[in-house]
Amino acid sequence: MGIRDNLQGLKARNEMALIAFIMAALPDENLCLECIKALEQGGCDLLELGVPFTDPLADGETIERLHHRGIARGLNLSRGLEFAHKVSEVCHMPLIMFSYYNPIYKMGLDTFMQECKSAGIDGLIVPDLPLDEMQVFAGFDLESIPMVAPSSSDERLQMAAAMDPAFIYCVSVRGVTGVRSLPEHEIQAYLQRVKSFTTAPLELGFGISRPEQLQAFQGYADGVVVGSFFAQLIEEYEARPALLPGKLEQAAAGLKAAAKA
Amino acid sequence: MYPDPKGYYGRYGGRFVPETLIPALQKIEKAYAEIQNDPAFSQELAYYMKNFVGRETPLYFAPSLSKMTGQARIFLKREDLNHTGSHKINNTMGQALLAKRMGKVRLIAETGAGQHGVATATAAAVLGLKCTVYMGSKDMARQSLNVFRMRVLGAEVKEVNKGSQTLKDATNEAFRDFIQSFEYSHMVIGSVVGPHPYPMIVRNFQSIIGKELRIQFQEREGRLPSHIVACVGGGSNAMGVFYPFLQDPVRLIGVEAGGIDIIDGQHCATLSEGSDGILHGAFSRLLQDSHGQILDTHSISAGLDYPGVGPEHACLREEKRVSYVHVSDKEAVDAFLKLSEMEGIIPALESAHAVAYALKIAGELDAKAALVINLSGRGDKDAEEVISYLGGENHGN
């Protein structure tokens with residue numbers, strides 16, 4: 001099932017989507033696969049798979065640290081794609097690749113798109129590619145996901161809507177990834193403003209870590225993206241790998257329960 | 001004339017940043033367009049350039065170097081005589097005034113050698129703005145004098161000990177700050193790099209170098225120089241001196257840092273050895289591996305130690321309007337010593353790269369040749385670096 005069907009199905013059931021971000025092949029390949037299975041088991045609906053880059057300037061401290069760890073382990077886009085193959089074999093969640101643009105450019109768009117297809121990837125998020133430059137992905141059979149922010153003008157929101165995307169990634173803070181957020185009523189007003197331009201599902205990301213936050217955005221967002229929070233759990237429990245999958249599953253289940261409420 | 005409305009110089013440039021930063025860039029673009037047609041802004045900037053920075057800077061004939069190399073005459077454009085010791089203040093005063101116009105209360109800067117950091121801290125001090133400067137741990141160690149100067153000037157210097165611990169990672173960190181704080185902060189990018197409109201704004205503020213040179217040379221010689229040589233890291237002093245001469249029959253030469261050797265990780269000759277890619281908001285040339293990961297670089301000069309370069313330079317290289325070459329750490333240090341001893345001017349190690357290449361070619365030029373070296377900064381900050389380089393060498397002997 002693709003991203004669109006998946007999100008439409010959730011919407012029909014009046015259930016918020018839980019999208020998990022995880023950095024590919026960290027702490028190591030096997031443990032990462034176990035984490036992904038646990039996230040699915042806990043109720044995550046979609047998976048964003050991050051590819052380490054040397055200069056991740058859109059990411060905050062936690063995710064940035066994982067980029068540098070990945071680089072130290074020699075990870076790159078080719079290895080990220082190989083890992084995505086393995087993920088597709090063990091989980092049913094639609095896969096979204098999260099990569100900075102330079103590695104994609106270097107690989108070549110045609111090759112990259114073919115590789116994504118064969119790895120079972122459905123969508124693409126490129127954090128350093130603003131809406132103006134996203135037309136490079138037009139014509140390829142892969143969902144490219146636009147991002148908007150509270151500071152985005154109406155004109156930019158219209159641009160995102162005009163792409164008819166599988167969903168719009170609504171950044172909840174004025175900033176980089178990390179556990180931190182604007183006051184709830186400001187986010188609600190911002191989501192309503194985005195909604196006035198589009199019928200695409202709105203997925204809220206950056207700063208989501210507690211089940212209560214999901215409840216606060218019920219009716220405003222169609223789902224949430226959770227990244228740094230899971231990353232922190234992975235960092236906390238990686239030295240005790242036997243406990244880690246259970247902890248992630250529990251955390252995901254807590255969020256999902258709120259998403260269904 | 002470049003850039004086009006989307007910020008492209010031929011194929012290069014553009015705006016490759018998170019969507020969250022686009023509103024900030026649009027506001028800067030709009031504010032800059034307004035001040036370009038505002039005589040009050042030009043007057044205010046001119047006031048500071050004359051009375052605070054000390055412009056215009058002299059065009060100096062270098063008699064001993066000229067005599068040593070042969071028939072060609074060698075001139076120095078003395079950007080080292082600017083307040084704070086380099087050309088960087090031409091840009092930071094301009095951007096700080098722009099920031100003030102935009103109602104910003106705080107400046108953010110990235111710095112390698114610390115010259116841009118000092119120039120930003122200075123502009124912030126004189127205009128009553130707050131200032132935060134990001135600097136790699138490796139650079140803080142080798143440029144401790146500049147760290148001290150920034151702190152004395154009231155700036156907060158934040159150490160970046162991630163990745164390469166040099167300018168590249170300091171730039172990432174400055175962008176992160178800017179993404180979160182642009183409501184009240186302005187990021188003063190120090191070179192002709194970054195997303196549109198930065199490469200254009202920095203070039204325009206720096207082009208005062210070339211405009212002055214043109215008038216000074218005409219007055220003195222009744223003609224234009226035959227060659228202009230400038231060092232290139234990100235490329236702001238080079239762009240500033242080249243830009244007013246792009247339509248003229250003047251040979252323009254950009255000199256990059258060849259480091260220890262042309263081997264991955266040991267140099268930063270981005271235009272000579274790099275390939276197309278995206279870093280820090282622009283499509284340009286950069287040093288990267290086969291997977292598109294950005295490479296570590298090396299130069300004895302912290303100000304050139306950067307794996308990217310301004311998009312307009314990438315364009316000028318492709319159009320073959322400017323030649324880009326490189327010299328090694330050793331050649332730069334030799335030139336540093338030679339200029340000091342023969343002309344009584346201690347150059348920055350960055351500028352010493354331009355001096356080194358000029359000395360290489362001057363001997364082959366005829367008596368009609370008049371070569372201008374853009375002496376972008378003074379070398380006081382590099383004393384420790386040169387002492388340790390020479391110490392190491394002597395030890396080896």
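Throughout, a chain's letter reflects where its sequence line sits, starting with A, and its residues are numbered from 1. Given the structure is predicted, the values throughout are model-derived calculations rather than measurements.
Closest of all the heavy-atom pairs between Pro130(A) and Phe16(B) is CD-CA, 4.1 Å. Taking every heavy atom of both residues into account, Ser275(B) and Lys106(A) meet most closely at OG-NZ, 3.3 Å.
Atom-to-atom distance recorded for Lys6(B):NZ and Glu133(A):CD is 5.0 Å, nearest 0.5 angstrom. Between Leu57(A) atom CG and Ile179(B) atom CD1 the span is 6.0 Å, to the nearest 0.5 Å. Atom CD of residue Gln26(B) and atom CZ of residue Arg156(A) lie 5.0 Å apart, to the nearest 0.5 angstrom. Summarising the geometry, atom NE2 belonging to His68(A) is positioned 5.5 Å from atom CG belonging to Asp169(B); distances are rounded to the nearest 0.5 Å.
Only the side chain of Tyr105(A) comes within contact range of chain B, judged by heavy atoms closer than 4.5 Å. If you measure heavy-atom distances from Phe283(B) to chain A, the contacts under 4.5 Å come from the side chain alone. Of the atoms belonging to Lys168(B), heavy atoms from both backbone and side chain fall under 4.5 Å from chain A. Only the backbone of Leu75(A) has a heavy atom closer than 4.5 Å to any heavy atom of chain B. Residue Leu279(B) touches chain A through its side chain alone, counting heavy-atom pairs closer than 4.5 Å. Heavy atoms of Ile22(B) lying under 4.5 Å from chain A belong exclusively to its side chain. Residue Leu295(B) does not touch chain A at all, counting heavy-atom pairs closer than 4.5 Å. Proximity to chain A (any heavy atom under 4.5 Å) is restricted, for Ser290(B), to the backbone atoms N, CA, C and O.
The backbone N or O of Ala149(A) lies less than 3.5 Å from no partner atom in the side chain of Glu19(B), so there is not a single donor-acceptor pair.
Counting heavy-atom pairs under 4.5 Å between each of Pro146(A), Ser152(A), Ala160(A), Pro56(A) and chain B puts Pro56(A) at the top.
Gln293(B) pairs in a side-chain contact (heavy atoms from CB on, under 4.5 Å) with only one of the listed residues (Ile71(A), Asp55(A), Asn102(A)), which is Ile71(A).
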Subject >> Test log, rule side chain to side chain contact (heavy atoms under 4.5 Å, CB included), inputs Met147(A) and Thr20(B) >> reply: CA-CA 8 Å; Met147(A) 286 178 144; Thr20(B) 45; over 6 Å; no
**OP:** Kindly determine whether His67(A) and Lys162(B) satisfy side chain to side chain contact (heavy atoms under 4.5 Å, CB included), including the steps that lead there.
**Re:** CA-CA 11 Å; His67(A) 280 281; Lys162(B) 303 168 189 169; over 6 Å; no
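Applying the 6.0 Å contact sphere to NZ of Lys130(B) captures no more than 12 heavy atoms from other residues, nucleotides or ligands.
Checked against salt bridge (Lys or Arg N to Asp or Glu O under 4.0 Å), Asp276(B) has the following partners two or more places apart in sequence or in another chain: Arg11(B), Arg285(B).
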